[in-house]
Amino acid sequence: MSPKSGTPKKNLMLFSGRSHVELAEEVAKNLNVTVTPQTVHTFANGEIYVRYQESVRGTDAFVIQSFSPPINEWLMEQLIMIDALKRGSAKRITAIVPFYPYSRQDKKHKGREPISARLVADLLKTAGADRILTVDLHTAQIQGFFDGPVDHLHGQNVLADYINEHYSDHDITVVSPDSGRVRLAEKWAQQLGDRPIAFIHKTRDPDTPNQAVANRVVGDVKGRLCVLIDDMIDTGGTISKAVDALLDQGASDVVIATTHGILSDPATERLSNSKAREVIVTNTLPIPEEKRFPTMTVLSIAPLLARAIQEVFEDGSVTSLFDGSA
């Protein structure tokens, strides 16, 4: 009996959860595809139901979900979407997680604490995800929590291009909000044209979340435009105090650049009242109008996500998007 030959073909399908539909639509536009239609609703008791309106058999499926509040509901929705794809015989499933949930719980500070970032990775794998595509993890070692490929994209390129376009004629110092991100500040400094760096020496009470004390500035910032970088802004307390510390040390101006604008209350009030010249974020998370203010600039991460999806789909190199440093 001779085998029957088939015609193998690859078929990319993009699926979106309900947390950030605007980003998914923008990614789809950059890919020249449409978001696959689906039926999804939440029952009265909170259970989520998902059914795709088209066949997914043999497809290369990409499931995008951002994790704004309520994080746990959106996480469960993405897990259910992935499970539906697995049971619908999708060939490969990629979980696109622009902002990785629970990323700050990546290690134990004390006994009897969870490592929730690992739990999220296990949940995605168990649901059926073959790989993860994410942007600016809080710590790079989270990549090792997932038993499969992780494409770790860098929002720095998007942010740094904007800084170069608008502030390249200034005397810039790149400032890390703490000593732990000095290496990231060095990469930023190189990308902005070999600029000097500084960092804020701060203390944090491990028993009190979302609170830090900016103690002093290490590095020369006097008379310079300080580009204050971080991976996320949650309540805005740390970054606002860092702005004050830099201006007290003689900085001419401060521009804040961050990938993830979580902006939990009272972040909008703190940032809008701060003396920062501009607050630059990306749209990895939805930023509604009520959380925006005149000095905020929101850059789109969609073109970067679309390029990475295209490379994954075509078995290309995601690393090539970042000059081999991804």
Side-chain angles (χ1 to χ4, degrees), residues 6-42 48-67 71 73-101 120-135 137 142-143 145-153 283-286 301-319 321 326:
T7 307
K9 63 178 182 178
K10 298 185 71 175
N11 187 21
L12 186 156
M13 296 183 77
L14 181 66
F15 304 86
S16 172
R18 292 176 290 177
S19 66
H20 197 355
V21 176
E22 296 83 359
L23 177 60
E25 293 287 356
E26 193 176 348
V27 170
K29 185 176 180 181
N30 278 269
L31 285 169
N32 196 27
V33 300
T34 57
V35 177
T36 304
Q38 61 189 17
T39 299
V40 55
H41 55 256
T42 303
I48 297 169
Y49 171 84
V50 172
R51 181 180 184 272
Y52 302 115
Q53 297 175 13
E54 298 178 6
S55 173
V56 300
R57 185 178 299 276
T59 63
D60 204 344
F62 295 84
V63 187
I64 185 169
Q65 181 79 301
S66 293
F67 291 98
I71 288 177
E73 181 176 344
W74 299 140
L75 176 58
M76 193 65 198
E77 181 175 273
Q78 188 174 35
L79 295 173
I80 290 172
M81 292 175 69
I82 291 170
D83 185 72
L85 286 166
K86 179 178 68 174
R87 297 179 190 281
S89 300
K91 186 174 183 179
R92 181 172 65 173
I93 304 170
T94 300
I96 303 175
V97 187
F99 171 68
Y100 191 95
V120 170
D122 288 344
L123 288 169
L124 289 168
K125 186 67 177 180
T126 300
D130 297 297
R131 66 191 302 136
I132 293 175
L133 193 153
T134 188
V135 183
L137 291 167
I142 293 174
Q143 295 173 81
F145 292 167
F146 184 75
D147 186 18
V150 176
D151 297 301
H152 186 201
L153 310 184
N283 63 341
T284 55
L285 291 164
I301 204 75
L304 177 61
L305 290 174
R307 289 168 61 198
I309 291 169
Q310 192 69 42
E311 291 295 338
V312 171
F313 175 62
E314 295 178 349
D315 296 324
S317 172
V318 175
T319 304
L321 303 178

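The shown structure was predicted, so the numbers you read here are calculated from the model rather than taken from an experiment.
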A.B. asks: What residues, two or more places apart in sequence or in another chain, satisfy side-chain hydrogen bond (donor to acceptor under 3.5 Å, both in side chains) together with T42?
C.D. replies: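 In terms of side-chain hydrogen bond (donor to acceptor under 3.5 Å, both in side chains), with neighbours along the sequence ignored, T42 is linked to R18.
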A.B. asks: Among residues at least two apart in sequence or on other chains, which ones pass ring-ring contact (aromatic ring centres under 6.0 Å, His included) with F99?
C.D. replies: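 Checked F99 against ring-ring contact (aromatic ring centres under 6.0 Å, His included); matches are H260.
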A.B. asks: For D315, what residues pass the side-chain contact (heavy atoms from CB on, under 4.5 Å) criterion, not counting sequence neighbours?
C.D. replies: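 Scan of D315 (side-chain contact (heavy atoms from CB on, under 4.5 Å), adjacent residues dropped) gives K10, R92.
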A.B. asks: Identify, with sequence neighbours excluded, every residue that meets ring-ring contact (aromatic ring centres under 6.0 Å, His included) alongside Y49.
C.D. replies: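 So Y49 forms a ring-ring contact (aromatic ring centres under 6.0 Å, His included) with H41.
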A.B. asks: Who passes side-chain contact (heavy atoms from CB on, under 4.5 Å) against A84, sequence neighbours left out?
C.D. replies: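 Checked A84 against side-chain contact (heavy atoms from CB on, under 4.5 Å); matches are Y52.
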A.B. asks: Under the rule for side-chain hydrogen bond (donor to acceptor under 3.5 Å, both in side chains), what residues qualify as partners of R51, not counting sequence neighbours?
C.D. replies: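 With neighbours one apart ignored, the set is empty.
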A.B. asks: Going by side-chain hydrogen bond (donor to acceptor under 3.5 Å, both in side chains), name the residues that satisfy it together with T126, two or more places apart in sequence or in a different chain.
C.D. replies: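 Applying side-chain hydrogen bond (donor to acceptor under 3.5 Å, both in side chains) to T126 gives none.
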A.B. asks: Say whether, by atom type as modelled, one donor and one acceptor occur between the side chain of T59 and the main chain of N11 under 3.5 angstrom.
C.D. replies: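 Such a contact is absent between T59 side chain and N11 backbone.
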A.B. asks: List the residues meeting side-chain contact (heavy atoms from CB on, under 4.5 Å) with L79, not counting sequence neighbours, and say none if there are none.
C.D. replies: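 Partners of L79 under the side-chain contact (heavy atoms from CB on, under 4.5 Å) test: L75, M76, L123, L124, A127.
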A.B. asks: Of all residues at least two apart in sequence or in a different chain, which pass the side-chain contact (heavy atoms from CB on, under 4.5 Å) check with D122?
C.D. replies: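 Once residues adjacent in sequence are excluded, the partners of D122 under the side-chain contact (heavy atoms from CB on, under 4.5 Å) criterion are R118.
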A.B. asks: Quick one: CG on L153 to CG on L304, what's the gap to the nearest 0.5 Å?
C.D. replies: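 Here the interatomic distance stands at 5.0 Å.
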A.B. asks: Listing request: all side chain to side chain donor-acceptor pair (under 3.5 Å) pairs with a residue in residues 24-33, at least two apart in sequence or in separate chains.
C.D. replies: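 Counting only pairs at least two positions apart or across chains, the side chain to side chain donor-acceptor pair (under 3.5 Å) contacts touching residues 24-33 are E26-S300.
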A.B. asks: Quick one: list whatever passes side-chain hydrogen bond (donor to acceptor under 3.5 Å, both in side chains) with R307, sequence neighbours left out.
C.D. replies: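 Not a single residue meets the side-chain hydrogen bond (donor to acceptor under 3.5 Å, both in side chains) criterion with R307.
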